[in-house]
Structures are given as structure tokens and as C-alpha cells.
S.K.: 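Structure incoming, see below.
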2 protein chains.
Amino acid sequence: MRRDIFQAIADPTRRAIIALIAVQAMTPNAIAEHFDTTRQAISKHLKVLTECELVKQEHQGREIYYQLEIDKMKEIDKWLEQFRKIWESRFQQLDQLLSIIKKGK
Amino acid sequence: MRRDIFQAIADPTRRAIIALIAVQAMTPNAIAEHFDTTRQAISKHLKVLTECELVKQEHQGREIYYQLEIDKMKEIDKWLEQFRKIWESRFQQLDQLLSIIKKGK
DNA sequence: TATATTTGCAACCAGTTAGTTGCGATACTT
DNA sequence: AAGTATCGCAACTAACTGGTTGCAAATATA
């Protein structure tokens with residue numbers, strides 16, 4: 001099964017999980033308590049997140065702490081870069097236009 | 001049907017379409033020429049992109065030019081903000097650690 | 001007016017997804 | 001050793017997705 005980070009963040013529950021464990025690592029049960037669904041459903045989401053390496057496990061006895069791989073999030077940031085360039089250049093153009101208008105006055 | 005921007009960018013073809021029309025507005029036919037699929041498939045992707053307001057149409061005779069709503073992309077950037085804070089603070093911590101080690105020498 | 005081009009919409013299909021239930025493995029606790 | 005808690009895996013289901021084909025509407029051209 002193909003997994004990529006964009007597919008991983010497409011699901012709102014998964015985005016919520018990411019935001020949760022970004023603060024601190026948590027076990028599946030602890031995560032599931034924050035949602036209105038079964039532990040197994042959360043477990044499945046964690047599997048998807050693990051497959052695309054957005055999350056890593058840390059075994060501690062019978063508990064497994066899931067932690068966000070924050071570096072992986074930078075991939076989205078990297079993809080956004082091309083568009084950031086565009087909206088910044090448009091802002092600059094607007095800025096220049098405004099200063100031209102100002103000078104004209 | 002619920003549409004949100006994260007679901008829209010989950011599909012690689014849609015991401016490619018977005019990158020294409022970010023440069024300049026294009027008609028469905030012109031876009032479809034860049035892909036190895038039918039015009040109708042592209043049309044469906046454009047519909048999804050339109051539904052979540054990532055794209056706007058500009059009618060010109062019988063042709064419809066699709067243009068990227070670059071501002072909508074900022075929503076992704078906004079969502080990333082919370083994580084950017086985390087990775088920047090971790091980088092700072094690493095930076096401080098390195099300078100402490102340096103001083104110790 | 002007849003014809004061709006551009007496009008969107010509806011119906012359909014195969015594959016995927018998110019969710020549930022049931023079960024077995026592992027690790028603590030008494 | 002027996003019981004309990006944490007967890008992943010497999011099977012199943014309903015809903016959704018991306019894709020195709022066919023068709024109708026609107027605009028341009030002969």
C-alpha cells in the first residue's frame with residue numbers, strides 16, 4: 001500500500017492525533033480517550049502514520065508511546081515553498097504599487 | 001459532500017494540477033494534455049478543487065480558465081505554524097546545547 | 001442553419017478507506 | 001500460576017474515490 005504524508009494528513013482525525021502527540025508522546029489508549037471512537041480505529045490511524053514515517057514508536061513494557069517525527073512535517077513545508085514564493089512576490093508587487101501611488105500623491 | 005483543502009491536496013494528480021495553474025490560468029483541455037488520463041478525470045479533479053475554493057473559474061467564450069486561489073494555500077501554511085514553532089524551538093535547544101558544549105571545552 | 005469544439009453532469013465500476021468486532025500475543029499484577 | 005491490561009492483526013462492512021463512458025448545453029465556425 002502506497003502511503004504518503006499528504007494522504008496521511010487528509011483525515012481530520014489523523015491531523016488531530018498529530019497535533020496531540022506533537023506536544024508529548026502518548027499511548028494508543030491515551031490517544032483514544034480524546035476521541036469519540038474505538039481504540040482500534042485509532043490504532044489503524046497510527047498504523048497509517050507509522051507507515052509513512054510521520055510517527056515513531058517507543059516500547060515501554062506493554063505500553064507503546066507514539067511520538068511525532070516532527071522532521072517529516074517539513075516535507076509539507078518544502079512543498080509549500082513554491083507557492084510561498086508566488087504569494088510573497090504578489091505581495092511585493094502590491095507593495096510596489098502602493099508606494100507608486102503614494103509617490104504620485 | 002464534505003471537502004477540505006487537506007483532502008484536495010491528498011491526490012498527487014491534483015497537486016500537479018495546482019502546481020501547473022499556479023504559474024498561469026489554464027483550460028481543462030490544456031491541463032489534461034499534461035497528464036496521461038482523460039479530460040473527464042481532470043474535470044472531476046477541477047470540480048473537487050473548485051468545491052474547496054482552491055481554484056476559481058474565469059469564463060471566456062466557451063472556454064473556462066482555471067486559476068489557483070493562492071490565498072487558500074495559506075491555510076495549509078497556517079496549520080503548519082503550530083509544528084513550525086515546535087521544530088524551531090527544538091533547533092534552538094540544540095543550538096543552546098552546542099554552545100554549552102563549546103564553552104565547556 | 002448545420003457542424004465542430006469545449007465543457008459539465010450523470011451513471012456506472014473497481015479499488016480504497018475508515019470503522020467495527022473478535023481474537024490472540026505480550027507484559028504486568030496479585 | 002491465574003487474572004488483567006495493552007496492544008496489533010484479520011475479517012467484515014458501508015461509504016467514498018478516481019476513473020471511464022455517454023450525453024446534453026453552450027459557443028464558435030462553415
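Here the structure is a predicted model, which is why all the values come from computation and not from measurement. A note on names: the letters A, B, ... follow the listed sequences, proteins ahead of strands, and every chain is numbered from 1.
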S.K.: Considering just the side-chain nitrogens and oxygens of B/Thr37, establish if one lies under 4.0 Å of OP1 or OP2 belonging to D/dT20.
M.R.: yes
S.K.: On the nucleotide C/dG8, are OP1 or OP2 found under 4.0 Å from the side-chain N or O atoms that B/Ser43 carries?
M.R.: yes
S.K.: Verify the contact: side-chain N or O of A/Thr38 to OP1 or OP2 of C/dT20, cut-off strictly under 4.0 Å; return yes or no.
M.R.: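 Answer is yes, contact under 4.0 Å.
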S.K.: Rounded to whole angstrom units, what separation is found between the NZ atom of B/Lys44 and the C1' atom of C/dT7?
M.R.: 16 Å
S.K.: Choosing from D/dC9, D/dG18, D/dG8, which nucleotide comes nearest the side chain of B/Asp11?
M.R.: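 Within the option list, the nearest is D/dG18.
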S.K.: Between the base of D/dG8 and the side chain of A/Arg39, is there a donor-acceptor distance below 3.5 Å?
M.R.: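 Such a pair is found, so the answer is yes.
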S.K.: Tell me the interatomic distance from B/Leu49, atom CG, to D/dG18, atom C1', rounded to whole angstroms.
M.R.: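 Between C1' of D/dG18 and CG of B/Leu49: 13 Å.
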S.K.: Just checking, any donor-acceptor pair under 3.5 angstrom between side chains of A/Gln60 and A/Tyr65?
M.R.: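 Absent: no donor and acceptor within the cut-off.
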S.K.: C/dT5 phosphate, OP1 or OP2: any side-chain N/O from B/Asn29 under 4.0 angstrom?
M.R.: no
S.K.: Within this structure, what is the OH-to-C1' distance between A/Tyr66 and D/dT6, rounded to whole angstrom?
M.R.: 11 Å
S.K.: Can you find a donor-acceptor pair, distance only, under 3.5 Å between B/Arg62 side chain and D/dT27 base?
M.R.: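 In this structure, the two groups form a donor-acceptor pair.
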S.K.: Please determine whether a side-chain nitrogen or oxygen atom of B/Tyr65 lies at a distance below 4.0 Å from atom OP1 or OP2 of C/dT6.
M.R.: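 No, outside the criterion.
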S.K.: How many whole angstroms separate atom CG of B/Asp36 from atom P of D/dT20?
M.R.: 9 Å
S.K.: Within this structure, what is the CD-to-C1' distance between B/Gln40 and C/dG8, rounded to whole angstrom?
M.R.: 9 Å
S.K.: Report the distance from atom NE2 of A/His45 to atom C1' of D/dG8, rounded to the nearest whole Å.
M.R.: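 To the nearest whole Å, that distance equals 16 Å.
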S.K.: Which value, rounded to the nearest 0.5 Å, describes the distance between A/Thr27 atom OG1 and A/Ile21 atom CD1?
M.R.: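 Taking OG1 in A/Thr27 and CD1 in A/Ile21, the distance rounds to 11.0 Å.
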S.K.: Would you mind checking if B/Glu88 and B/Lys85 are paired as a salt bridge, meaning a charged N to carboxylate O distance below 4.0 Å?
M.R.: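 B/Glu88 and B/Lys85: not salt-bridged.
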S.K.: Mapping A/Ala41 and A/Glu63 onto DNA chain C by nearest heavy atom, which one lands closer to the 5' end?
M.R.: A/Ala41
S.K.: Let me see the working for A/Asp77 and A/Lys74 under salt bridge (Lys or Arg N to Asp or Glu O under 4.0 Å), right down to the final yes or no.
M.R.: CA-CA 5 Å; A/Asp77 201 53; A/Lys74 292 183 187 173; over 6 Å; no
S.K.: To the nearest Å, how far apart are B/Ile42 CD1 and D/dT17 C1'?
M.R.: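 Whole-Å distance recorded here is 15 Å.
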S.K.: Nearest whole Å is fine: how far is C/dT16 P from A/Gln7 CD?
M.R.: 11 Å
S.K.: Do B/Lys78 and B/Glu75 sit within salt-bridge range, that is, some charged N less than 4.0 Å from a carboxylate O?
M.R.: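 No, this pair does not count.
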